[in-house]
2 protein chains.
Amino acid sequence: MPEHPPAPARPGLDFAAWQAAGFDPARCPVRNVLDRIGDKWSMLMLTALAARHRRFGELFRVMPDISKRMLTQTLRDLERDGLVTRHVFPTKPPGVEYRLSPLGQSVLEPLSALVGWADRHFPDIEAARARFDAAQTGQPDTSLIEQDAA
Amino acid sequence: MPEHPPAPARPGLDFAAWQAAGFDPARCPVRNVLDRIGDKWSMLMLTALAARHRRFGELFRVMPDISKRMLTQTLRDLERDGLVTRHVFPTKPPGVEYRLSPLGQSVLEPLSALVGWADRHFPDIEAARARFDAAQTGQPDTSLIEQDAA
DNA sequence: AAGACCAAGTCTCATTTTGAGACTTTATAG
DNA sequence: CTATAAAGTCTCAAAATGAGACTTGGTCTT
């Protein structure tokens, strides 16, 4: 099978534009951004700051399974990218508060679309997982094999 | 500073609903899903399959910096979650094609919103990074210190 | 007839990322 | 005079990821 059959184009959303230049992360703005806010904690952090600003310790309590190390690092990265601002209060001991910048606010809209999708489709995903896991433990299912490559 | 000041509510999008139950990933559908598709390669993979289905080797070429190991693993996870389907063609050697399921298609809409945001705001982010890095190398900026915590 | 080759993986080992938790600082509370 | 509190930093251990050799079995070349 030297040639892969030309796949039928679907009337999809237009990812083709930015993919044309390839997925090379160095050249691709979208990958650059997605690699950053698509890391383990950033999106969650942004939603945690959506309703109101919070202090370091408050974020630490609110995200039960993050480590201090990653909390600090994620906040620094978001601050560097201009999504979050850091405010130090000269109390003793000093308090630090984090807020979404206007840029950070602007990402909430697409982010909430994704969160909404996750919430709506979680049952579908759980069902799919159950099917998949059941199929793995049972006999291998040959019905998945196609009749012809074209 | 024993009490943190009550932060002003902002007329934000409503993340509060699912956050009310806490961020505990075991109990929270949104975290469950976000932890999965928010991993290093899933979102990129979904966009790579948006326009058309692709074969394993094709995906490997199209994503220049993924390893075979993670390509396999990410596809398996997406398949398990019902976002992607796997089709084996009994040629020699066998070919395997990956496609978005209807569920997978449905995530393209919120995903494209995020991609669009990334594309539009990349200049802002680069500018913020430049400012941040410049500030780090220069003298520490005391203007960031607030006058009063309340 | 012997070997090369292909696609789609799997396997092992090295590297990178993340986690857990001790340690720091300094004014105030007990 | 000791304990405490907030926001980190630091070290070491564990987990995730990367690089790349190896597998499998029919065809294709020599």
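In the text below, chain A, chain B and the rest are named by the order of the sequence lines, each starting its count at 1. Note that the structure is predicted; figures quoted are calculated from it, not measured.
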Check your understanding: B:D77: what forms a side chain to side chain donor-acceptor pair (under 3.5 Å) with it, not counting sequence neighbours?
Key ->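 For B:D77 there are no side chain to side chain donor-acceptor pair (under 3.5 Å) partners, ignoring immediate neighbours.
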Check your understanding: Who are the salt bridge (Lys or Arg N to Asp or Glu O under 4.0 Å) partners of B:D124, not counting sequence neighbours?
Key ->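 Salt bridge (Lys or Arg N to Asp or Glu O under 4.0 Å) list for B:D124, sorted by chain: empty.
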Look for any protein N or O under 3.5 Å of an N or O in nucleotides 28-30 of chain C and output each such pair with its distance, or none.
none

Nearest whole Å is fine: how far is [N] [atom2] from [X] [atom1]?
X     : N      : atom1 : atom2 : value
A:D65 : C:dG21 : CG    : C1'   : 16 Å
B:R61 : C:dC6  : CZ    : P     : 12 Å
B:H87 : C:dA8  : NE2   : P     : 14 Å
A:R36 : C:dT17 : CZ    : P     : 12 Å
B:L59 : C:dA7  : CG    : P     : 14 Å

**Study point:** Any B:R55 side-chain N or O less than 4.0 Å from OP1/OP2 of C:dA8
**Key:**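 Checking C:dA8 against B:R55, a side-chain N or O does come within under 4.0 Å of OP1 or OP2.
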Review point. Between A:W18 and B:F122, is the ring centre distance below 6.0 Å?
Key: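 So the answer is no for these two rings.
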Check your understanding: Between CZ of B:F23 and OG1 of A:T47, what distance do you get to the nearest 0.5 Å?
Key ->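 Those atoms lie 4.0 Å apart.
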Using nucleotides 8-17 of chain D, report all nitrogen or oxygen pairs with the protein that are shorter than 3.5 Å.
residue: D:dG8; atom: OP1; partner: A:R76; partner atom: NH2; Å: 3.3
residue: D:dG8; atom: OP1; partner: A:R86; partner atom: NH2; Å: 2.8
residue: D:dG8; atom: OP2; partner: A:Y98; partner atom: OH; Å: 2.7
residue: D:dG8; atom: N7; partner: A:K68; partner atom: NZ; Å: 3.1
residue: D:dG8; atom: O6; partner: A:K68; partner atom: NZ; Å: 3.0

Point to revise | ring pair (Phe, Tyr, Trp, His ring centres under 6.0 Å) against B:W41, all qualifying residues, sequence neighbours excluded | key: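 Ring pair (Phe, Tyr, Trp, His ring centres under 6.0 Å) check on B:W41 returns nothing, list empty.
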Exercise for review: Answer yes or no: is there an ion pair linking A:R52 with A:E58, defined by an N-O contact shorter than 4.0 Å?
Suggested key: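 A salt bridge links A:R52 with A:E58.
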Practice item. Before accepting this row, confirm whether a basic side-chain N of the pair A:K40/A:D65 lies closer than 4.0 Å to the acidic partner's carboxylate O. Key: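 Here A:K40 does not pair with A:D65 in a salt bridge, since their nearest N and O are not under 4.0 Å apart.
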Please set out all donor-acceptor pairs under 3.5 angstrom arising from side-chain atoms of residues 67-76 of chain B, sequence neighbours excluded.
residue: B:S67; atom: OG; partner: B:M70; partner atom: N; Å: 3.3
residue: B:T72; atom: OG1; partner: B:K68; partner atom: O; Å: 3.0
residue: B:T74; atom: OG1; partner: B:M70; partner atom: O; Å: 2.7

